[in-house]
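Every chain is numbered from 1, with letters handed out A, B, ... down the list of sequences.
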2 protein chains.
Amino acid sequence: MSTEEKIKKTALSLFLEKGFERTSIRDIALKAKINIALLNYYFRSKENLFNSIFSGLLEKYTPTLNGILGSSLPIEEKIHLYVGEYIDILLENPKLTYFVLSVLHRNPDKITQMKIFQSLYNTGDFSKQFMEEVRKGNIKEVDPTQFFINMLSLITFPFTIKQVIMEKNHMNEDTFKQFMHQRKQVITDMLLLTIKK
Amino acid sequence: MSTEEKIKKTALSLFLEKGFERTSIRDIALKAKINIALLNYYFRSKENLFNSIFSGLLEKYTPTLNGILGSSLPIEEKIHLYVGEYIDILLENPKLTYFVLSVLHRNPDKITQMKIFQSLYNTGDFSKQFMEEVRKGNIKEVDPTQFFINMLSLITFPFTIKQVIMEKNHMNEDTFKQFMHQRKQVITDMLLLTIKK
DNA sequence: TATTGTTTTAAACGTTTGTTTAAAATAATT
DNA sequence: AATTATTTTAAACAAACGTTTAAAACAATA
């Protein structure tokens with residue numbers, strides 16, 4: 001593995017675990033077994049390293065999700081696929097949700113957020129289709145914005161309180177996974193129920 | 001206002017806005033117009049100051065919510081009240097949800113979490129009542145854990161992406177408030193629909 | 001093999017961090 | 001009024017931070 005890759009990989013794991021502020025470049029260098037100066041040699045600054053990593057994450061995960069929303073599938077099928085795929089992604093990377101929230105909290109300036117929520121909160125196609133189905137009388141008259149936020153909340157929030165859920169319900173990593181797999185159906189059923197006429 | 005109160009109030013506003021790590025005790029001292037050393041005179045450390053503030057917040061907000069869950073009201077009424085009250089609290093303090101999440105993320109050690117989620121994730125009474133209603137055949141057979149997480153997710157998560165919601169839907173502070181007030185009904189309806197036979 | 005370009009290193013840079021000190025100012029008590 | 005206790009102050013502390021320097025090691029090229 002190249003030095004650049006080693007830095008990125010190590011930095012990501014530390015950023016996910018401890019957050020940006022509590023991860024020092026010396027932590028990264030130590031764990032990646034590289035010299036501190038290499039960090040500023042490949043990436044110009046810690047901030048730059050972080051942005052590079054974050055962009056990489058977005059490019060890795062958002063195309064699949066946006067592909068589902070932008071497809072020509074019926075709305076019920078989209079919901080079903082979106083919920084399943086999103087939960088699968090977060091099961092592989094449970095700290096991703098808090099990671100994104102921390103980015104939003106750290107960079108409240110609008111321009112920086114643009115790129116983030118353009119790919120992570122991409123409702124354009126979905127809302128159009130949703131309203132069209134309402135117009136046709138196929139589904140109940142529900143606010144698409146509220147609906148999308150419902151979907152996002154039900155999928156992602158549980159991962160931000162994963163430890164609490166696990167301890168309160170005496171789960172281990174495996175039973176939590178199981179619980180989240182069950183949850184796919186719970187969420188899909190719930191969402192479809194609210195729009196079913 | 002006493003010096004101690006000034007410190008606490010100022011520190012809370014900065015912790016909410018910028019987070020624990022990015023708030024220095026010099027920031028606090030400057031904004032509160034007090035000497036840095038007073039911070040360690042009244043509270044022994046920055047960490048201690050934070051814990052004191054956090055405990056205060058829990059004591060302020062959790063009794064109302066746990067009072068609702070622990071009451072002898074019918075389950076449908078509990079849900080309705082809980083959703084309304086919780087959203088009202090978060091509308092007054094929109095950054096509270098992320099604040100709590102950041103505490104969970106910063107202190108993954110179990111003991112510290114105990115106090116937090118014993119008051120913020122207090123499902124004992126509620127789950128019992130829920131299962132009793134299921135047994136009686138009054139509501140659908142739904143997993144109370146999934147149900148409670150649904151409720152929590154739908155209420156709290158939108159506040160963690162408040163800025164995104166606002167910018168994506170061209171809202172200002174007022175229209176966001178309006179949106180969240182509408183959301184009370186949306187969530188309550190949704191939750192009741194999932195358990196209604 | 002000599003030369004150029006790239007990567008890695010050890011060491012230091014100036015700031016900022018949370019915390020402590022010890023004296024000064026103020027308030028409370030006798 | 002004198003003494004004690006409490007509160008506030010300016011200044012310094014050591015440690016940690018992100019970043020930079022300049023030389024060394026290595027690789028690529030001619």
Side-chain angles (χ1 to χ4, degrees), chain A residues 1-57 95 98-99 102-109 111-112, chain B residues 1-57 95 98-99 102-109 111-112:
Chain A
M1 197 182 338
S2 77
T3 305
E4 196 175 337
E5 282 172 330
K6 258 199 293 184
I7 295 175
K8 273 195 166 190
K9 195 188 161 190
T10 309
L12 172 59
S13 79
L14 286 172
F15 285 151
L16 283 171
E17 189 195 342
K18 313 207 299 168
F20 179 76
E21 288 87 1
R22 294 180 59 222
T23 300
S24 72
I25 60 170
R26 282 173 182 81
D27 287 340
I28 300 169
L30 192 75
K31 197 178 175 191
K33 289 172 185 167
I34 53 108
N35 192 283
I36 323 170
L38 285 178
L39 224 141
N40 284 55
Y41 174 73
Y42 285 101
F43 312 90
R44 294 195 324 276
S45 66
K46 185 190 176 190
E47 191 76 38
N48 218 52
L49 166 63
F50 183 89
N51 290 337
S52 171
I53 289 173
F54 188 67
S55 299
L57 280 178
K95 304 209 167 154
Y98 180 78
F99 189 73
S102 73
V103 173
L104 285 175
H105 190 257
R106 183 150 30 84
N107 310 9
D109 44 319
I111 305 162
T112 318
Chain B
M1 197 181 343
S2 78
T3 305
E4 198 175 336
E5 282 172 330
K6 257 199 294 184
I7 295 174
K8 273 195 164 189
K9 195 188 160 187
T10 309
L12 172 58
S13 79
L14 286 172
F15 285 151
L16 284 171
E17 190 195 342
K18 311 208 300 169
F20 179 76
E21 288 87 1
R22 293 180 61 221
T23 300
S24 73
I25 60 171
R26 282 172 182 80
D27 287 340
I28 300 169
L30 192 75
K31 197 179 175 191
K33 289 171 186 170
I34 52 108
N35 191 284
I36 323 170
L38 285 178
L39 223 141
N40 283 57
Y41 174 73
Y42 284 102
F43 311 89
R44 293 194 325 276
S45 66
K46 185 191 176 189
E47 190 77 37
N48 218 52
L49 166 63
F50 183 89
N51 290 335
S52 171
I53 289 173
F54 189 67
S55 298
L57 280 178
K95 305 211 165 153
Y98 180 79
F99 189 72
S102 72
V103 173
L104 285 174
H105 190 256
R106 183 150 29 86
N107 309 11
D109 44 319
I111 306 163
T112 319

Determine, for B:Phe15 and B:Lys95, whether the Lys NZ or Arg CZ falls below 6.0 Å from the six-membered ring centre while staying within 45 degrees of the axis.
no
I'd like a table of atom pairs between the protein and nucleotides 13-20 of chain D - only N or O on both sides, under 3.5 Å - with the distance next to each one.
| residue | atom | partner | partner atom | Å |
| --- | --- | --- | --- | --- |
| D:dG18 | OP1 | A:Lys46 | NZ | 2.7 |
| D:dG18 | OP2 | A:Ile25 | N | 3.0 |
| D:dG18 | N7 | A:Arg26 | NH1 | 2.9 |
| D:dG18 | N7 | A:Arg26 | NH2 | 3.4 |
| D:dG18 | O6 | A:Arg26 | NH2 | 2.9 |
| D:dT19 | OP2 | A:Lys46 | N | 2.8 |

Quick check against the 3.5 Å criterion: does A:Lys33 have a side-chain atom that pairs as donor or acceptor with the backbone of A:Lys6?
no
Measure the distance from CZ on B:Phe15 to C1' on C:dG18 and round it to the nearest whole Å.
12 Å
Which part of the nucleic acid does A:Tyr42 contact within heavy-atom distance under 4.0 Å: base, sugar-phosphate only, or nothing?
sugar-phosphate
Can you find a pair of side-chain heavy atoms, one from A:Ile28 and one from A:Lys46, that are under 4.5 Å apart?
no
Interatomic distance where CG belongs to B:Leu49 and P belongs to C:dG18 [whole Å]
11 Å
If a protein heavy atom is under 4.0 Å from the base, mark B; if only from the sugar-phosphate, S; if neither, -; do that for nucleotides 24-29 of chain C going 5' to 3'.
------
What do the steps show when you test A:Phe99 against A:Phe20 for ring pair (Phe, Tyr, Trp, His ring centres under 6.0 Å), and what is the final call?
CA-CA 9 Å; A:Phe99 189 73; A:Phe20 179 76; 9.4 Å; no
Test item: B:Ser55 side-chain N/O and B:Asn51 main-chain N/O as donor-acceptor pair under 3.5 Å:
yes
Spacing of B:Leu39 atom CG relative to C:dT20 atom P, expressed in whole Å
12 Å
Of all residues at least two apart in sequence or in a different chain, which pass the ring pair (Phe, Tyr, Trp, His ring centres under 6.0 Å) check with B:Phe43?
none
With a 4.0 Å limit, can you tell me whether B:Thr3 has a side-chain N or O closer than that to the phosphate oxygens OP1/OP2 of D:dT8?
yes
